[in-house]
Amino acid sequence: MLDPKIVRSNPEEVAELLKKKGYEFPVEQFVALEDQRKELQVQTENLQSERNTRSKSIGKAKAAGEDIQPLLAEVADLGSKLDAAKAGLNECQANLEDLLVGVPNIPDSSVPQGEDEDDNVEVRTWGTPREFDFEPKDHVALGEQDGLLDFETAAKITGSRFSLLKGKLARLHRALTQMMLDTQTAEHGYEEVYVPYMVNSDSLRGTGQLPKFEEDLFKLPFGDRHYYLIPTAEVPVTNIVRDEIVDAAQLPMKFTSHTPCFRSEAGSAGRDTRGMIRQHQFEKVEMVQMVEPSKSWDALEEMTGHAEAILQKLHLPYRVVALCGGDLGFSAAKTYDLEVWLPGQQKYREISSVSNMTDFQARRMQARWRNPETGKPELLHTLNGSGLAVGRTLLAVMENYQTADGKIQIPEALQPYMGGVTEI
RNA sequence: GGAGGGAUGGCUGAGUGGUCGAAAGCACUGGUCUUGAAAACCAGCGGUCCGAGAGGGCCCCAGGGUUCGAAUCCCUGUCCCUCCGCCA
């Protein structure tokens, strides 16, 4: 959520900044609601003040043994007036809340202008795409030739957009996960956490998936409410600090977690239907940081490096792109995507996304730290990034490390995790 | 699933329907003392909203209710703890 004070004081300016994200902020509607709120709030608070004063005097009179009947008569209709005022105020505040909770984060000034992914800006590249002296296959062809990657059986078990890995390929998937976790914990200082894979709606509201993006989630009835399968570990991990005030000494908080991710992929019918690129269920090693506000931009660069380190260990060529305004997510102020080279598609494809959410999620979550300089609780900044998406890394390894006879060589960094296996 | 107990400020923890936003301790901040530190002593110290300010409102898990007045009484829900049962 944006800071209501800032929105109130410069609604036009906020609207202008949000245009970069392709979002039209309803200035007039907001200002009208805000004016109404102010009036109703003052009115309600005056009535409350009056009730409090009078009730107190009744208490005093009673203690002094005086007759309180005349005083009771004076407050006779105060209650109903107050109820009416409160009801009006509540409704108005709910409307304002609904409006504000649907407004995306303001993009940072360094975010490139643009509408969609075609306008993203390449920041740097690493490595050189390998030259093949044969026609490289894509991961589907590679995996299906010996039945290690089996989409048909997965479809039988569940449906489309699920995958079944077998044997050494399943192990390679696990090896990647372990290598990523070990790197993030041992080399980059993250604390590993194991978290629930189902979350409540408060958590999703905190990180910004709700209320606007419910159709992207798997929703499970539970008693008289719902739980949701996590679309990313960002949700449970970031919500660790929801409704907390942490000491400055605890910052930065750096967590990493390996979880499955579940996405309904609503609205993506027909896109990336071949292979493991876009699945309802996939694994990811996530990095999350909670930092003091002045440090979040440095943290964004640092975290991007932490994701890059994995690709570098695997010697996978990639590029870093800065997302343009139109391609930025709802909660993000700035995002770098890492795109890995896929020989099967002759394209760079997203494999990680690292974002600074500034105080946007923290405000929704009321995640704060005590600033030693002011002694007051202030909002944290939150960041998250994939380090990395395991399924996509697996297929990147398959395609980049394939041999002419259809085998897959195991990158050196993974061999210790593969029990010495060097080729599949 | 059954039977009980609980939820109060950053933390621990008192609390009578009426100056209770709330004792006390810890933590924190400032001061005295000290070469310095510790200890001791003194003082300060919840959050949030509206307001230029004065000031005012709200918040004792959440939502309802009773009442002139609720942290305190009643109802519903959530979470935690203990015991029994079941269980990977």
Side-chain angles (χ1 to χ4, degrees), chain A residues 1-11 30-31 33-97 99-101 194-206 220-228 236 239-251 253 290 292 359 362-380:
Chain A
M1 201 157 80
L2 299 179
D3 186 347
K5 279 185 196 143
I6 292 176
V7 182
R8 246 177 246 140
S9 49
N10 329 286
F30 174 80
V31 171
L33 271 173
E34 185 53 34
D35 289 344
Q36 192 193 357
R37 192 221 90 233
K38 202 174 272 188
E39 194 183 319
L40 289 172
Q41 183 161 347
V42 170
Q43 190 188 332
T44 306
E45 290 183 2
N46 285 341
L47 282 169
Q48 280 172 329
S49 174
E50 190 179 343
R51 181 204 58 192
N52 291 346
T53 317
R54 292 190 183 254
S55 287
K56 247 168 212 172
S57 65
I58 290 175
K60 274 187 194 160
K62 204 172 176 184
E66 294 167 18
D67 179 15
I68 57 170
Q69 277 311 317
L71 291 171
L72 286 181
E74 281 178 37
V75 295
D77 63 337
L78 240 184
S80 56
K81 268 194 207 164
L82 184 55
D83 284 347
K86 269 188 187 167
L89 178 63
N90 282 344
E91 195 193 330
C92 181
Q93 278 175 330
N95 290 339
L96 259 177
E97 168 82 10
L99 194 160
L100 278 177
V101 90
Y194 170 80
V195 294
Y197 300 158
M198 292 183 223
V199 292
N200 58 37
S201 56
D202 286 343
S203 292
L204 286 158
R205 181 171 280 262
L220 310 172
F222 183 70
D224 54 359
R225 57 215 163 110
H226 291 91
Y227 286 162
Y228 297 82
N239 273 278
I240 288 172
V241 291
R242 171 152 58 88
D243 295 322
E244 300 287 337
I245 300 174
V246 301
D247 285 340
Q250 292 176 258
L251 299 177
M253 297 172 93
M290 296 82 173
E292 48 189 273
D359 61 8
R363 184 170 295 104
R364 291 171 162 246
M365 292 191 299
Q366 283 303 296
R368 297 176 291 175
W369 67 300
R370 195 169 291 278
N371 184 344
E373 285 181 17
T374 61
K376 295 286 174 190
E378 294 173 14
L379 294 172
L380 289 163

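We name chains A, B, ... by the order of the sequence lines, and we start the count at 1 in each one.
Across B:rA70 and B:rG21, the matching P atoms stand 11 Å from one another, rounded to whole Å. Using atom C1' as the reference point in both B:rG44 and B:rU76, the two lie 42 Å apart (nearest Å). Of the C1' atoms belonging to B:rG85 and B:rA71, the separation is 36 Å, rounded to the nearest Å. Comparing the P positions of B:rA37 and B:rU48 gives a spacing of 32 Å, expressed to the nearest Å. Comparing the C1' positions of B:rU66 and B:rG17 gives an interatomic distance of 11 Å, to the nearest angstrom. A distance of about 26 Å separates the C1' atoms of B:rG56 and B:rG63, rounded to the whole Å. Using C1' as the reference atom, B:rC87 and B:rU16 are 47 Å apart when rounded to the nearest Å. Across B:rC49 and B:rC33, the matching C1' atoms stand 43 Å from one another, rounded to whole Å.
For A:Glu50, the CD atom is densely surrounded, since the number of other residues' heavy atoms within 6.0 Å is greater than 12. Other residues, nucleotides and ligands contribute only 12 or fewer heavy atoms inside 6.0 Å of the CD atom of A:Glu39.
Side-chain atoms of A:Asp243 and A:Gln366 form no donor-acceptor pair, as typed in the model, at a separation below 3.5 Å.
Remark: C1' of B:rC68 and CG of A:Asp83 are 13 Å apart, rounded to the nearest angstrom. Taking atom NZ of residue A:Lys81 and atom P of nucleotide B:rG57, one finds them 17 Å apart after rounding to whole Å. Between the CG atom of A:Asn371 and the P atom of B:rU29 there is a distance of 13 Å, rounded to whole Å. One interatomic measurement links the two molecules: CD of A:Glu244 to P of B:rG46, which rounds to 20 Å at whole-angstrom precision. Atom CG of A:Leu82 and atom C1' of B:rU67 are 14 Å apart (whole Å). Spacing between atom CG of A:Asp202 and atom C1' of B:rU78 amounts to 11 Å, rounded to whole angstrom units. Atom CD of A:Gln43 and atom P of B:rG51 are 16 Å apart (whole Å). A straight line from CD of A:Glu378 to C1' of B:rG10 spans 15 Å, rounded to a whole angstrom.
Between A:Gly59 and A:Arg225, it is A:Gly59 whose nearest contact on RNA chain B lies nearer the 5' terminus. Positionally, the nearest nucleotide of RNA chain B for A:Lys38 lies more toward the 5' end than for the other of A:Ser49 and A:Lys38.
Here CD of A:Gln250 is found 5.5 Å from CE of A:Met253. Values are rounded to the nearest 0.5 Å. To the nearest 0.5 Å, atoms CG (A:Leu78) and CG (A:Leu47) are separated by 6.5 Å. Atoms NZ and CZ, on A:Lys376 and A:Arg370 in that order, are 8.0 Å from each other to the nearest 0.5 Å. Residue A:Arg205 holds its CZ atom at 7.0 Å from CZ of A:Arg364, rounded to the nearest 0.5 Å.
In this structure, of B:rG47, B:rG10, B:rG69, it is B:rG69 that holds the atom nearest to the side chain of A:Ser55. Ranking B:rC58, B:rG18, B:rC50 by closeness to the A:Ile58 side chain, first place goes to B:rG18. In the set B:rG57, B:rC79, B:rC68, the nucleotide with an atom closest to the side chain of A:Leu72 is B:rC68. Listed candidates were B:rG10, B:rC50, B:rG57. Nearest to the side chain of A:Arg8 is B:rC50.
Nucleotide B:rC79 forms a pair with B:rG6, judged by Watson-Crick or G-U wobble geometry with both contacts under 3.5 Å. Pairing for B:rG17 is absent, judged as Watson-Crick or G-U wobble with the two contacts each under 3.5 Å. With a cut-off of 3.5 Å on both Watson-Crick or G-U wobble distances, the partner of B:rA23 is given as none. Across every strand in view, B:rU34 sits unpaired, with no contact that passes the Watson-Crick or G-U test at under 3.5 angstrom. B:rG44 and B:rC28 make up a base pair, with Watson-Crick or G-U wobble contacts both under 3.5 Å. The base-pairing partner of B:rG1, taking Watson-Crick or G-U wobble contacts with both distances under 3.5 Å, is B:rC84.
In the interface, the side chain of A:Lys62 is paired with the base of B:rG18 through a donor and an acceptor atom under 3.5 Å apart. Within 3.5 Å, no donor on the side chain of A:Gln48 pairs with an acceptor on the base of B:rG57, nor the reverse.
The phosphate of B:rU48 has OP1 or OP2 within less than 4.0 Å of a side-chain N or O from A:Arg368. OP1 or OP2 of B:rG18 has not a single side-chain nitrogen or oxygen of A:Arg51 nearer than 4.0 Å. Here A:Lys376 reaches the OP1 or OP2 of B:rG47: one of its side-chain N or O atoms lies under 4.0 Å away.
The pair A:Glu34-A:Lys38 does not count as a salt bridge, with every side-chain nitrogen at least 4.0 angstrom from each carboxylate oxygen.
When heavy atoms are screened at a 4.0 angstrom cut-off, A:Pro372 is found touching no nucleic acid atom at all. Note on A:Asn52: only backbone sugar-phosphate atoms sit closer than 4.0 angstrom, heavy atoms only; bases stay farther off.
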